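First the structure, in the form of structure tokens, and then the observations on it.
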Amino acid sequence: MSENLIGYIDNQGNIIDTQSAGQNPDAKAIEYDNSNESLEIIRHSTAHLMAQAITELYTNAKFFVGPNVDEGFYYDFRVDEKIGEEDLKKIEKKMKELIKKKYKIEKYEMTKAEALEKFSNDDLKQEVLKRIPDGTVSIYKQGDFEDLCQGPHVPALRFLHNFKLTRVAGAYLGGDETKEMLTRIYGIAFADKESLKDYIKMMEEAKKRDHRKIGAEMELFMFNEESGAGLPFWMPKGSRLRYKLENILHKAHRKRGYEPVRGPEILKADMWRTSGHYACYGENMYLTTIDEQEYGVKPMNCIGHIQIFKQSGKSYRDLPLKYYEYGVVHRHEQSGALHGLLRVREFTQDDAHIFCTPEQIASEVIDIVEFVDSVMKLFGFEYSMEVATKPEKAIGDDDVWELATQGLKDALSENNLPFTIDEGGGAFYGPKIDIKITDAIGRKWQCGTVQVDFNLPERFEVEYVGEDNERHTPVMIHRAILGSFERFIGILTEHYAGEFPLFIAPTQIIFVPISDSHVAYAKELKSQLIDLDIDCEIFDKNDSLNKRVRTAEKQRVPYVVIVGDEEVENKTVAIRNRRTKEQYNLSFDEFMVELSQQLNEGKI
RNA sequence: GCCCAUAUGGCUCAGGGGUAGAGCACUUCCUUGGUAAGGAAGAGGUCGUGAGUUCAAGUCUCACUAUGGGCUCCA
């Protein structure tokens with residue numbers, strides 16, 4: 001047996017630890033390294049080690065479950081004391097002490113009935129056992145500590161060195177908010193020191209890039225306690241960025257045959273009853289009464305677009321008809337869910353609705369996926385797609401759902417686009433494709449969404465006249481690419497760490513005139529650049545040149561341009577590269593060409 | 001919504017039962033400098049909001065609001 005052997009993987013992909021494998025396992029060995037399987041074992045064992053340390057520090061601790069998650073592991077438990085961030089160090093220290101005792105991790109089995117008896121005075125273990133099917137259960141033991149667990153585990157504590165407890169939080173027993181709140185500690189572990197170091201470094205980098213921090217520093221957006229939670233204010237610089245993004249998207253929509261429309265912010269409650277929002281989405285809606293009539297602030301834009309479609313008779317020749325709107329919507333998100341720009345109560349979707357025939361669904365979905373692809377490429381995002389199926393709370397017949405869901409899958413499959421399935425994750429009116437992008441920290445965010453809807457057109461009696469001169473109900477495709485400007489800009493901010501590319505940068509150029517006599521020249525250049533829709537600032541404050549260069553440099557602008565006697569005389573600019581700090585000179589005309597080229601990169 | 005934590009000038013933070021401090025930013029003046037902080041002076045908070053305890057409260061207690069970390073949910 002190799003020194004580094006910590007388990008096996010069988011031909012079904014199941015991980016079997018050395019304690020369970022027997023003498024001659026017919027399976028592939030898992031070595032102690034950073035492979036997914038290896039980390040799964042290491043992290044789960046680290047969770048047990050943490051539990052053992054907690055037991056020694058807090059003798060009354062009772063444990064619930066301690067699984068692995070995407071990033072590391074956690075353990076839920078109950079203690080009488082309050083555990084804070086400061087206590088993590090203490091627990092880590094105890095964990096390291098335990099490692100020195102060189103315990104082996106041993107496994108033994110018993111029936112579930114025996115386990116219920118063994119843990120009869122541990123109500124949390126009883127809860128765990130309730131969730132386990134009858135039969136044999138396993139116990140893992142290291143020193144005096146033992147825990148009900150199905151594994152897998154490393155053979156001995158000597159494999160656990162490179163871990164860190166990352167945070168404490170509360171979590172409901174079994175995720176059920178009617179049950180008690182347990183203490184949860186998250187941690188991470190790797191096979192080697194370097195990987196742990198890299199991980200910690202990455203977390204620090206993520207903290208630096210936090211869009212809430214950068215957004216405040218760059219004066220992009222703000223919140224205000226007096227106005228209410230989850231209601232963002234866009235400051236001048238944030239608005240510049242946002243307008244640029246809107247303009248790029250506007251042109252991209254027009255190129256692809258979309259027509260701009262706009263619906264009202266509030267509509268009578270009956271509209272929302274017809275649509276099904278009142279019943280299925282009511283708890284998230286803001287309702288109000290005007291002249292004894294109930295109204296609802298729109299949480300989605302579809303109803304408005306449907307009214308516009310219905311305003312005049314439509315022919316099959318009009319289809320597919322694509323309406324788009326930067327639709328402001330309000331949703332009552334739970335107060336605890338609010339998070340910077342990433343989760344707010346008022347936001348603007350880049351929303352569109354495509355009215356088409358069932359036969360046109362596939363090609364329309366493909367067109368949308370192409371659109372998504374060009375937007376994501378523009379910003380250098382990786383993304384993946386997920387088909388979400390019928391949720392519990394839904395309207396419409398099962399066979400209609402089946403048809404629509406299959407339509408989405410077919411469109412992707414036929415074009416060799418990979419996707420995964422999210423069972424029950426659909427909208428209440430139809431299945432959808434969610435586009436998840438990966439940000440700079442590797443976190444996945446749902447942004448774009450494509451939803452096929454057979455239900456709303458029927459409910460609102462939307463019709464068109466077909467080739468056969470009969471009335472037909474069109475299909476509606478709801479789609480957003482960014483998802484919302486708020487969230488997307490939040491993600492972009494972290495993705496670029498505030499160093500936006502020229503075509504969306506809030507301030508694109510800062511001019512630093514060497515002395516007062518050069519301010520006029522800077523102003524002249526600035527006014528010429530406004531015609532290219534380029535936002536410039538002039539740093540002519542009464543500060544030293546060095547100070548102003550420094551301040552400009554810290555603004556994360558693409559260009560810092562210094563102008564002095566030489567530049568005024570030769571009609572040139574002295575450019576400072578924001579990354580390399582190198583300087584180069586261009587004639588103003590050449591500079592305009594360079595800028596235009598970079599602006600063109602923002603065309604899709 | 002639930003659990004825990006936090007809340008001091010625009011920002012970052014110190015203070016801690018006897019009526020507020022620093023750095024940056026800001027204002028004014030001197031300086032007109034060739035690429036990451038020139039110098040001087042000055043203004044600005046009653047310590048998230050509301051109650052309570054106390055002779056006395058940023059400082060202790062409670063409620064609320066907001067923010068942060070989670071749970072849940074989601075663009």
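Because the structure is a prediction, the values reported are computed rather than measured. Order of the sequence lines sets the chain letters (A, B, ...), proteins ahead of strands, with each chain counted from 1. The figures that follow rest on heavy atoms only: side chains count, while hydrogens, waters and symmetry mates do not.
- One P atom belongs to rA63(B), the other to rA22(B), and the distance between them is 35 Å to the nearest Å.
- In this structure, Ala480(A) reaches neither bases nor backbone, as no heavy-atom distance under 4.0 Å exists between it and the strands shown.
- Of all nucleotides present, none satisfies the Watson-Crick or G-U wobble test against rU35(B) with each distance under 3.5 Å.
- Going from the P atom of rC71(B) to that of rG15(B) covers 32 Å, rounded to whole Å.
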How would you summarise protein contacts on nucleotides 28-35 of chain B per nucleotide, using B for base, S for sugar-phosphate only and - for none, with heavy-atom distances below 4.0 Å?
--BBBBBB
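- With rounding to whole Å, Asp434(A) atom CG is found 7 Å from rA75(B) atom P.
- Rounded to whole Å, the C1' atom of rC74(B) lies 47 Å from the corresponding atom of rA43(B).
- Residue Arg167(A) has a polar side-chain atom (N or O) positioned under 4.0 Å from OP1 or OP2 of rG70(B).
- The pair Glu499(A)-Lys554(A) fails the salt-bridge criterion, with no side-chain N (NZ, NE, NH1 or NH2) lying under 4.0 Å from an Asp/Glu carboxylate O.
- Rounded to the nearest Å, the gap between the P atom of rA37(B) and that of rA25(B) is 12 Å.
- Among the atoms of the strands shown, none is found under 4.0 Å from any heavy atom of Gly425(A).
- Distance, Glu217(A) CD to rA25(B) P: 14 Å, rounded to whole Å.
- Under the 90° criterion around 0 for the glycosidic angle, rG58(B) counts as syn.
- Side-chain atoms of Glu590(A) come within 3.5 Å of backbone atoms of Ser587(A) as a donor-acceptor pair (strictly under, hydrogens ignored).
- Of the residues near RNA chain B, Gln349(A) and Arg184(A), the one whose nearest nucleotide (by heavy atom distance) lies more toward the 5' end is Arg184(A).
- Remark: rA57(B) base-pairs with no nucleotide in the shown strands. Criterion, Watson-Crick or G-U wobble with two distances under 3.5 Å.
- With rounding to whole Å, Leu342(A) atom CG is found 15 Å from rC73(B) atom C1'.
- Taking 4.0 angstrom as the limit, Tyr186(A) places a side-chain polar atom (N or O) nearer than this to OP1 or OP2 of rC71(B).
- Atom P of rU53(B) sits at a distance of 26 Å from the matching atom of rC4(B), rounded to the whole Å.
- Looking at heavy-atom distances under 4.0 Å, Val329(A) makes no contact with the nucleic acid at all.
- Taking a cutoff of 4.0 Å between a charged side-chain nitrogen and a carboxylate oxygen, Arg256(A) and Glu370(A) qualify as a salt bridge.
- If you take atom P in rU67(B) and the same atom in rC11(B), they sit 15 Å apart, rounded to whole Å.
- In this structure, Lys571(A) fails the cation-pi test against Phe588(A), since its NZ or CZ atom is not both closer than 6.0 Å to the six-membered ring centre and inside 45 degrees of the ring normal.
- Both thresholds, 5.5 Å between centres and 30° between ring planes, are not jointly met by Phe223(A) relative to the base of rA66(B), so the two rings are not stacked.
- Rounded to an integer number of Å, the gap from Glu486(A) CD to rC74(B) C1' is 14 Å.
- Counting non-hydrogen atoms under 4.0 angstrom, Gly327(A) reaches nothing in the nucleic acid.
- When the side-chain nitrogen and oxygen atoms of Arg331(A) are compared with OP1 and OP2 of rC74(B), none of them lie within a distance under 4.0 Å.
- Residue Gln446(A) places at least one side-chain N or O closer than 4.0 Å to OP1 or OP2 of rA75(B).
- Figure legend. rC47(B) is base-paired to no nucleotide; pairs are counted as Watson-Crick or G-U wobble with both atom distances under 3.5 Å.
- Under the Watson-Crick or G-U wobble criterion, with both distances below 3.5 Å, rC26(B) is paired with rG42(B).
- If you take CD of Glu333(A) and C1' of rA75(B), they are 8 Å apart, rounded to a whole angstrom.
- In this structure, Asp123(A) does not pair ionically with Lys125(A), as no charged nitrogen and carboxylate oxygen lie closer than 4.0 Å.
- A cation-pi geometry, defined here as NZ or CZ lying under 6.0 Å from the six-membered ring centre and within 45° of its normal, holds between Arg184(A) and Tyr74(A).
- In this structure, rG1(B) and rC71(B) make a Watson-Crick or G-U wobble pair, each of the two defining distances being under 3.5 angstrom.
- The distance from atom NZ of Lys547(A) to atom C1' of rG39(B) is 12 Å, rounded to the nearest whole Å.
- A donor and an acceptor atom never sit less than 3.5 Å apart when one is taken from the side chain of Tyr74(A) and the other from the base of rG69(B).
- Nearest to the side-chain atoms of Ala229(A) among the listed nucleotides rC73(B), rG1(B), rU67(B) stands rU67(B).
- One can place CD of Glu346(A) at 14 Å from C1' of rA75(B), the figure rounded to the nearest angstrom.
- Aromatic ring centroids of Phe64(A) and Tyr75(A) lie 6.0 Å or more apart.
- Nucleotide rG21(B) is matched to rC13(B) when pairs are restricted to Watson-Crick or G-U wobble geometry with both distances under 3.5 angstrom.
- Comparing rA56(B) with rU19(B), their C1' atoms are spaced 9 Å from each other, to the whole Å.
- Distance, Arg212(A) CZ to rU6(B) C1': 14 Å, rounded to whole Å.
- Contact check, Thr449(A) against rA75(B): no side-chain N or O comes under 4.0 Å of OP1 or OP2.
- Using a 4.0 Å heavy-atom criterion, one finds that Lys432(A) contacts the sugar-phosphate atoms exclusively.
- Mapped onto RNA chain B by nearest heavy atom, Gly228(A) and Tyr281(A) fall at different nucleotides, with Gly228(A) at the one closer to the 5' end.
- His339(A) has a side-chain polar atom (N or O) that falls below the 4.0 Å cut-off from OP1 or OP2 of rG69(B).
- Under a 4.0 Å N-O distance rule, the pair Glu219(A)/Lys237(A) qualifies as a salt bridge.
- For the pair Arg43(A) and Phe73(A), the cation-pi criterion (under 6.0 Å, within 45° of the ring axis) is not fulfilled.
- Pairing for rU6(B) is with rA66(B), a Watson-Crick or G-U wobble pair whose two hydrogen-bonding atom distances lie under 3.5 Å.
- Between the P atoms of rG52(B) and rG42(B), the separation comes to 41 Å (whole Å).
- Note: Phe355(A) and His305(A) fail the aromatic proximity criterion, with ring centroids not under 6.0 Å apart.
- Between Glu386(A) and Lys436(A), at least one side-chain N (NZ, or NE/NH1/NH2) sits under 4.0 Å from a carboxylate O, which counts as a salt bridge.
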